[in-house]
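The figures here come from the full heavy-atom set of this structure, side chains too, leaving out hydrogens, waters and symmetry mates. Letters go in sequence order (proteins before strands), and every chain restarts at 1.
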Amino acid sequence: MGTQYNPQQIEEQWQAEWEELGIYKAIDNDTRPKFYSLVMFPYPSGDLHMGHMRVYTISDVISRQRRMMGFNVLNPMGWDAFGLPAENAAIKRKLHPEAWTKSNIKHMRDAQLKKLGTSYDWQREVNTCEVDYYHWTQWILLKFYEKGLVYRKSAPVNWCPQCETVLANEQVENGACWRHPETQVEQKMMAQWFLKITAYTEQLLKDLDQLKGWPERVCLMQKNWIGKSEGAELQFTVESKPNIKITVFTTRPDTVFGVSYIVLAPENPLVAELTTAENKDAVEKYVAESKLKSELDRMTTEKDKSGVPTGSFVVNPFNGEIVPVWVADYVLMGYGTGAVMGVPAHDDRDFAFASKFQLPIREVISESGQSTGQMKAAYTENGIMLNSGSFNGLSNTEAKSKMTEWAAENQSGNARVLYRLRDWLISRQRYWGCPIPLVHCESCGVVPVKESDLPVELPLDVEFTGEGGSPLGKSQKWLHTSCPNCGKDARRETDTMDTFIDSSWYYLRYCDVQNKKLAFDKAKADYWMPVDQYVGGIEHAILHLLYSRFFTKALRDCGLLSCDEPFSNLLSQGMVTKFSQISGRIEKMSKSRGNVVGTTDFFTKFGADSARLFTLFAAPPEAELEWSEEGAIGQFRFLGRIWRYIQDLIDAGILGKESSTKKDFGEKGYDKSEGLSAQAKLLLQSCHKTIKAVSDDLSPERYAFNTAIARCMELVNQLYAFAAAKAQEGSNGNGSSEATGNSAMSKCSPQERELLAFAARSLLLVMAPMAPHLSEELWHQCGFAASAKDSIHVTKWPSYTASLTEADEFELVFQINGKNVSKAMVKRGISEQEAREVALSDDKVIKKMDGKDPRKVIFVKDRLVNIVV
RNA sequence: ACCCGGUUAGGAAAAUUGGUAAAUCCGACUGCCUUAGAAGCAGUAUUCUCUCGGUUCGAGUCCGAGACCGGGUACCA
């Protein structure tokens with residue numbers, strides 16, 4: 001009797017063995033084709049749960065299968081280790097962020113990711129909070145600075161007057177400070193550092209077309225985020241002050257004859273200039289109120305339009321009409337020119353505004369070109385121009401360009417393309433981030449730190465109170481330095497970088513992690529890049545992926561890299577959910593919802609292989625997956641079935657290190673079907689079919705892990721059916737309840753023994769990427785391994801014989817008028833003529849046809865005959 | 001509001017190009033067992049693919065309309 005399947009006994013042992021053998025090491029410039037497999041590296045928050053494990057499992061299966069397919073696989077792992085939670089932990093628990101982060105990393109790496117049985121090349125581990133890494137983050141920033149991609153300007157920040165510090169957006173809860181729910185957060189203008197991502201807007205937009213391997217919706221989200229809109233800028237001269245012109249941006253220059261007012265954003269500097277004495281109080285009050293509103297009111301869905309008139313008027317350049325200038329907070333200073341022309345007849349928002357304040361509504365486009373009278377809503381469709389002077393009668397799309405031309409000729413406007421994408425604010429007034437390597441000198445201004453003086457290290461002796469401004473500013477020793485330019489006293493920049501910067505180039509550092517002279521060697525990066533398969537959460541569809549694309553392009557333009565796009569293929573795995581006691585609903589697995597399933601308990605009870613199989617099996621990778629303990633145990637049962645079957649084969653002497661049964665079946669696999677029983681033939685077909693199906697399912701075109709596992713289960717079911725049939729042989733029906741066992745197996749002929757060995761071999765190989773521990777253990781037990789140092793994970797992926805993937809007979813279906821009537825077993829490849837004869841002589845068909853003549857007969861090869869009467 | 005995506009047995013899902021709907025797992029049920037099982041073996045059942053209309057010899061699959069569910073964006077001019 002063989003041993004029982006006990007994952008605890010085998011998993012840890014093989015994990016150690018793999019590490020020792022170094023089989024997951026990626027080799028620079030190897031002759032095999034390269035495959036760069038990447039998973040979004042985690043923030044080391046301390047503990048991973050089953051929900052997190054999904055992405056690592058998927059990425060690991062891809063890596064392992066590609067390795068078996070003969071690729072030189074780079075499958076690295078690292079840590080996105082800077083960030084706010086470490087600082088919060090420091091404030092709360094008096095623990096230094098570095099200590100907190102490092103102990104979390106150790107736990108996640110050794111007790112969680114390794115225990116999952118992942119195949120990472122740990123020699124390439126990257127940690128963004130280590131000097132070795134952020135040295136190069138700073139170096140890259142200096143390269144960008146040289147290129148003019150880094151600049152400083154004033155921008156609003158969230159400011160808590162109680163803490164006297166800047167808050168990240170996540171620290172603002174319902175408009176209040178996360179530490180002081182009673183204190184309203186204010187918007188304060190401060191000088192901030194920006195990265196000029198807008199220099200790459202068009203490339204970022206255009207190259208989305210190249211990303212054929214990305215989910216369409218991610219491309220669409222990026223496209224919307226970039227938000228290209230084509231239109232025109234039009235100038236309206238202020239009536240009382242002709243030297244002042246208000247420039248508005250509009251995508252609808254064709255509606256300019258319908259302008260009944262102009263609106264300025266409250267922050268627009270023109271507001272003060274244009275407000276007349278009698279309107280001063282009202283306008284100032286309104287501006288002050290809207291300053292406070294911003295955060296809180298953005299949450300409310302339907303906002304009532306508000307606004308006040310400035311008392312000034314402007315002239316419409318097209319028709320000379322005089323229209324009033326208002327201030328309203330539905331106009332944003334940050335987009336376009338901070339001024340908008342109000343066309344109530346053809347814009348929903350303007351319609352609402354005009355209705356509320358009884359401003360005129362003039363129709364200038366309609367379906368027919370005729371006035372439709374009293375309007376009840378804005379007409380935003382295309383149509384024919386009216387009330388528009390010489391442009392009347394044109395289609396509005398035609399008028400758009402004609403009117404823009406007219407504006408340009410008359411010095412009152414021009415065509416203009418606008419993007420929603422803004423420059424990237426990278427300043428964070430925090431401690432636990434990468435210091436910005438710039439120095440402020442009284443005489444020289446902003447001066448970059450010399451490359452040779454990098455890295456600018458984070459000082460470790462900093463106090464964390466969470467109050468009184470940036471922690472770095474309080475470290476006097478660190479703050480004061482000398483100017484790299486003139487040598488006089490200077491101050492370091494106390495802002496640190498947004499952590500999205502750290503994660504915008506980590507995939508490049510993996511290519512050359514040890515480099516002490518450069519962020520990465522160009523040749524090595526060019527060998528590995530682009531990433532062949534990136535796997536990660538949909539929550540990074542916009543920012544992380546867009547920033548990384550920007551970095552790749554900017555680094556390319558710095559001459560450091562050759563590729564245009566970092567990630568050729570992207571897989572966004574769905575989230576893992578579970579019923580939450582707190583909300584009473586099925587929700588995303590998370591600590592706050594109280595529905596997490598820990599990894600350690602499950603791994604010790606049922607093993608990592610069962611956890612891996614369940615997360616792969618329960619849903620396709622992009623779909624949501626509900627964690628189910630019963631379901632996961634089902635996978636444990638499945639593995640137990642494989643284990644017991646193979647033990648029986650070993651007990652029967654069919655397999656095992658000492659057994660003499662053939663263990664390698666060459667390129668085509670075992671392919672002798674002559675002399676096999678019907679049941680054995682089915683098994684042989686099942687083997688070839690499984691290899692084909694799993695190969696297809698694990699290919700990048702499909703990544704259908706769920707069906708791959710289902711195919712493996714079918715093969716196992718077929719193996720049991722074969723054993724049951726064997727047990728029946730000669731035992732007169734009421735045989736033993738165990739299908740397998742020595743008695744059944746020992747009845748096998750030498751040919752059947754070979755077939756079983758082939759089946760076991762094939763099954764273990766195709767299961768290896770998904771259940772790496774069990775496959776490896778049984779591989780060795782069966783004697784398939786060439787030596788103790790050999791591994792199934794570096795064994796060649798099996799091939800199959802196409803002709804053996806199907807039975808030579810199949811059920812030909814007979815339909816009458818598309819409805820199933822009958823069927824019959826016939827030879828595969830039967831000709832249309834033969835099939836037609838068989839169909840027309842079938843009893844049920846004759847009966848159903850009732851003597852009628854077939855009008856038409858449709859034949860689908862190896863499937864059906866459809867008789868139309 | 002707008003833009004995506006989805007809806008198949010009790011639950012999760014399969015069905016590469018229109019061609020026998022329901023592979024596989026969970027759950028339920030039945031039988032077997034001289035180790036009665038969170039883990040064995042063998043077997044059974046459930047229903048016609050959300051609704052309506054169209055194209056077709058033939059539609060879960062393609063087209064149109066609607067219902068419901070999920071996601072993204074959110075005054076972007």
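B:U24 atom C1' lies 13 Å from atom CZ of A:Phe614, rounded to whole Å. Following rounding to the nearest Å, A:Phe814 (CZ) and B:G58 (C1') show an atom-to-atom distance of 17 Å. Distance CD (A:Gln718) to P (B:A23): 15 Å, rounded to an integer number of Å. Here the P atom of nucleotide B:A13 and the CD atom of A:Glu626 are 9 Å apart, to the nearest Å. As rounded to whole Å, 14 Å separates atom C1' of B:A39 from atom CH2 of A:Trp643. Distance A:Asp348 CG to B:C2 P: 10 Å, rounded to the nearest Å. A:Leu264 has its CG atom 13 Å from the C1' atom of B:A77, to the nearest Å.
Between A:Asp648 and A:Arg644 there is no salt bridge, since no side-chain N of the basic residue sits under 4.0 Å from a carboxylate O of the acidic one.
In this model, the phosphate group of B:C41 is approached by a side-chain N or O of A:Arg644 to a distance below 4.0 Å at OP1 or OP2. Distances shown here put every side-chain N or O of A:Tyr720 at or beyond 4.0 Å from the OP1 or OP2 atom of B:A42.
Looking at A:Arg702 and A:Ser699, their side chains never bring a donor and an acceptor atom within 3.5 Å of each other.
Summarising the local packing, NZ of A:Lys588 is surrounded by 12 or fewer heavy atoms from other residues, nucleotides or ligands at distances under 6.0 Å. The environment of A:Arg828 atom CZ is dense: over 12 non-hydrogen atoms of other residues, nucleotides or ligands sit within 6.0 angstrom. Heavy atoms of other residues, nucleotides or ligands lying less than 6.0 angstrom from NZ of A:Lys400 number more than 12.
Distance check on atom C1': B:U8 versus B:A74 gives 34 Å, rounded to whole Å. Taking atom C1' in both B:G70 and B:A36, one finds a spacing of 45 Å when rounded to whole Å. Atom name P, nucleotides B:G54 and B:U46: the rounded distance is 32 Å, in whole Å. One P atom belongs to B:G19, the other to B:U61, and the distance between them is 10 Å to the nearest Å. Taking atom P on both B:G60 and B:C3, the two are 29 Å apart, rounded to the nearest angstrom. Going from the P atom of B:U49 to that of B:G37 covers 42 Å, rounded to whole Å. Distance check on atom C1': B:A1 versus B:G58 gives 41 Å, rounded to whole Å. B:C63 and B:A59 have their C1' atoms separated by 11 Å, given to the nearest Å.
In this structure A:Glu202 satisfies the side chain to side chain contact (heavy atoms under 4.5 Å, CB included) test together with A:Leu205, A:Lys228, A:Tyr419, sequence neighbours excluded. Residues passing the side-chain hydrogen bond (donor to acceptor under 3.5 Å, both in side chains) test with A:Thr380, sequence neighbours excluded: none.
Between A:Val694 and A:Ala708, the closest heavy-atom pair is CG2-O, 3.7 Å. What you find for A:Ile361 and A:Ala354 is that their closest heavy atoms are CG1-CB, 4.3 Å.
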(message) Give the dot-bracket line for RNA chain B from 5' end to 3' end: parentheses for intra-strand Watson-Crick or G-U pairs under 3.5 Å, square brackets for crossings, | for inter-strand pairing, dots for unpaired.
(response) (((((((..(((......[....))).((((((...)..))))).....(((((..]....))))))))))))....
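When the nearest nucleotides of RNA chain B are assigned to A:Glu216 and A:Val340 by heavy-atom distance, the more 5′-ward of the two goes with A:Glu216. Mapped onto RNA chain B by nearest heavy atom, A:Asp347 and A:Tyr5 fall at different nucleotides, with A:Tyr5 at the one closer to the 5' end.
Formation of a donor-acceptor pair under 3.5 Å by the A:Asn866 side chain with backbone atoms of A:Gly818 is found in this model.
With ring centers used as reference points, A:Phe353 lies under 6.0 Å from A:Tyr261.
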(message) Return a single string for nucleotides 14-21 of chain B, one symbol per nucleotide in 5' to 3' order, where B is base contact, S is sugar-phosphate-only contact and - is none, cutoff 4.0 angstrom on heavy atoms.
(response) SSB--BBS
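Residue A:Val263 is classed as having no contact, given no heavy-atom separation below 4.0 Å to the nucleic acid. A:Arg416 comes within 4.0 angstrom of nothing in the nucleic acid, heavy atoms only. A:Lys819 comes within 4.0 angstrom of nothing in the nucleic acid, heavy atoms only.
Of the candidates B:G72, B:A74, B:A77, the closest approach to any side-chain atom of A:Met221 belongs to B:G72.
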Polar atoms only, N or O, under 3.5 Å: list the protein pairs with nucleotides 25-28 of chain B and their distances.
residue	atom	partner	partner atom	Å
B:C26	OP1	A:Arg637	NE	3.1
B:C26	OP1	A:Arg637	NH2	2.8
B:G27	OP2	A:Arg637	NH2	3.0

Listed pairs under 3.5 Å, donor-acceptor, residues 605-615 of chain A side chains, sequence neighbours left out:
residue	atom	partner	partner atom	Å
A:Asp609	OD1	A:His773	N	3.4
A:Asp609	OD1	A:His773	ND1	2.8
A:Asp609	OD2	A:His773	N	3.3
A:Asp609	OD2	A:Leu774	N	2.8
A:Ser610	OG	A:Phe606	O	3.2
A:Arg612	NE	A:Met770	O	3.0
A:Arg612	NH1	A:Asp60	OD2	2.9
A:Arg612	NH1	A:Leu116	O	3.2
A:Arg612	NH1	A:Gly117	O	3.2
A:Arg612	NH2	A:Asp60	OD2	2.8
A:Arg612	NH2	A:Pro769	O	2.9
A:Thr615	OG1	A:Ala611	O	3.1
A:Thr615	OG1	A:Arg612	O	2.9

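Relative orientation of the A:Trp643 and A:Tyr5 rings is tilted, given thresholds of 30° and 60° on the angle between their planes.
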